[in-house]
Amino acid sequence: MSADSQSSHIFKILVVGDLGTGKTSIIKRYVHNVFSTHYKSTIGVDFALKVIDWEDGSIIRLQLWDIAGQERFGSMTRVYYKESVGALLVFDVTRPTTLEVVLKWKRDVDDKVRFKDGSNIPVVLIANKMDALSKSEIEAMQQRLDEFVLAHNFIAWYPTSAKENINIEESCRHLIRSVLERK
Ligand code: GTP
Ligand code: MG
């Protein structure tokens with residue numbers, strides 16, 4: 001066994017975005033592989049832990065901070081964001097207003113948390129509930145979101161579905177890779 005295979009990381013990851021976009025559902029799918037259509041709005045913040053056997057043999061412990069959508073109007077986000085190293089920013093593809101609000105969340109994260117060298121933490125844009133769109137609707141979204149993530153300094157975007165378990169693992173893996181590059 002190499003020394004590397006013994007190593008482990010703990011990464012604090014934020015999951016943010018507006019009310020009802022599917023943050024809690026994404027985390028439940030990712031951590032417990034379950035999904036419910038029942039909507040129970042998160043109050044404040046919830047936590048989940050996902051332990052990952054990473055590609056290089058190391059172990060990554062992801063502390064997922066599930067921030068309630070309503071916290072955008074509160075004064076606690078600076079406290080919640082402290083020492084996080086990456087974020088998933090979730091919107092609901094069936095409600096375009098939740099994409100407009102993405103920029104408010106992005107600014108909030110960029111303003112309130114940074115690496116020691118002053119750089120922003122990596123943020124992946126999550127276009128959730130894609131199961132509710134037709135193939136052509138998803139294709140129509142593609143170019144717009146490609147431009148959107150470039151213009152607003154996201155590292156990537158993924159069309160996801162917590163319901164059908166699409167691209168959740170991929171989004172998280174992309175984020176982790178980016179965090180590892182900056183550490
Ligand atoms: P707050 O805690 O209020 O900020 O909301 P949230 O972002 O945590 O949303 P939550 O995960 O509670 O999901 C809200 C509703 O959307 C629930 O009824 C979910 O079942 C539904 N939902 C979440 N993800 C998906 C998805 O991928 N597809 C579909 N069709 N519905 C989803
Ligand atoms: Mg929630």
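Read the numbers this way: they start at 1 and go in the same order the structure lists the ligands and their atoms.
The shortest N/O to N/O separation between Gly69 and ligand 1 falls below 3.5 Å. Residue contacts with ligand 1: Asp66 is placed with no nitrogen or oxygen under 3.5 Å of a nitrogen or oxygen of the ligand (distance criterion only). For a threshold of 3.5 Å applied to N or O pairs, the pair formed by Ala68 and ligand 1 contains no separation below that value. The shortest N or O to N or O distance between Ala132 and ligand 1 is not under 3.5 Å. On a distance-only criterion, Thr42 and ligand 1 share at least one N/O pair closer than 3.5 Å.
At a heavy-atom cutoff of 4.0 Å, ligand 1 is contacted by the side chain of Asp131 but not by its backbone. Within the 4.0 Å heavy-atom criterion, neither part of Thr160 lies near ligand 1.
Scanning the protein heavy atoms around atom 16 (O) of ligand 1, the nearest turns out to be Lys129 NZ, 3.0 Å. The closest protein non-hydrogen atom to atom 5 (O) of ligand 1 is Gly20 N, 2.9 Å. Here the protein heavy atom with the shortest distance to atom 18 (O) of ligand 1 is Thr37 O, 2.8 Å. Looking at atom 9 (O) of ligand 1, its nearest protein heavy atom turns out to be Gly22 N, 3.2 Å. Ranking the protein heavy atoms by distance from atom 7 (O) of ligand 1 puts Lys23 NZ, 2.7 Å first. Protein heavy atom at the shortest distance from atom 12 (O) of ligand 1 is Tyr39 CD1, 3.3 Å. At the top of the distance list for atom 24 (N) of ligand 1, counting protein heavy atoms only, stands Asn128 ND2, 3.2 Å. For atom 27 (O) of ligand 1, the nearest non-hydrogen atom of the protein is Ala162 N, 2.8 Å.
For Lys112, the NZ atom counts as densely surrounded, since its 6.0 Å shell holds more than 12 non-hydrogen atoms of other residues, nucleotides or ligands. In the displayed structure, Arg61 atom CZ is contacted under 6.0 Å by at most 12 heavy atoms of other residues, nucleotides or ligands.
Distances under 2.8 Å from the Mg ion (ligand 2) pick out the protein N/O/S atoms Thr24 OG1, Thr42 OG1.
With hydrophobic clusters built from ILVMFWY side chains whose heavy atoms lie under 4.5 angstrom apart, Ile13 does not share a cluster with Ile10. By the criterion of side-chain heavy atoms lying less than 4.5 angstrom apart, applied directly or through intervening Ile, Leu, Val, Met, Phe, Trp or Tyr residues, Val124 is grouped together with Ile166 in one hydrophobic cluster.
Under the ring pair (Phe, Tyr, Trp, His ring centres under 6.0 Å) criterion, the residue pairs touching residues 49-73 are Phe47-Trp65, with sequence neighbours excluded.
Across all their heavy atoms, Asn120 and Asp110 have their closest contact at ND2-O, 3.3 Å. Contact between Cys172 and Leu88 at its shortest, heavy atoms only, is SG-CD1, 4.1 Å. In terms of heavy-atom proximity, Thr77 sits nearest to Glu71 at CG2-O, 3.6 Å.
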Which atom pairs, one a donor and one an acceptor, fall under 3.5 Å between side chains of residues 126-134 and the rest of the protein, sequence neighbours left out?
residue, atom, partner, partner atom, Å
Asn128, OD1, Thr160, OG1, 2.9
Asn128, OD1, Ala162, N, 3.4
Asn128, ND2, Thr21, O, 3.0
Lys129, NZ, Gly20, O, 2.8
Lys129, NZ, Asp92, OD2, 3.0
Asp131, OD1, Ser161, OG, 2.8
Ser134, OG, Ser136, OG, 3.2
Ser134, OG, Glu137, N, 3.2
Ser134, OG, Glu137, OE1, 3.2

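By heavy-atom distance, the residue among Ser25, Ser41, Ser36 lying nearest atom 20 (O) of ligand 1 is Ser36.
One finds no salt bridge joining Asp108 and Lys104 here, because no Lys/Arg side-chain nitrogen approaches an Asp/Glu carboxylate oxygen to under 4.0 Å.
Annotation: side-chain hydrogen bond (donor to acceptor under 3.5 Å, both in side chains) contacts of Glu83 (sequence neighbours excluded): none.
In this structure, Phe11 has its ring center closer than 6.0 angstrom to the ring center of His9.
For the pair Lys28 and Phe35, the cation-pi criterion (under 6.0 Å, within 45° of the ring axis) is not fulfilled.
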Problem set entry | Derivation and outcome, side-chain contact (heavy atoms from CB on, under 4.5 Å), residues His174 and Glu170 | CA-CA 6 Å; His174 194 132; Glu170 288 78 358; over 6 Å; no
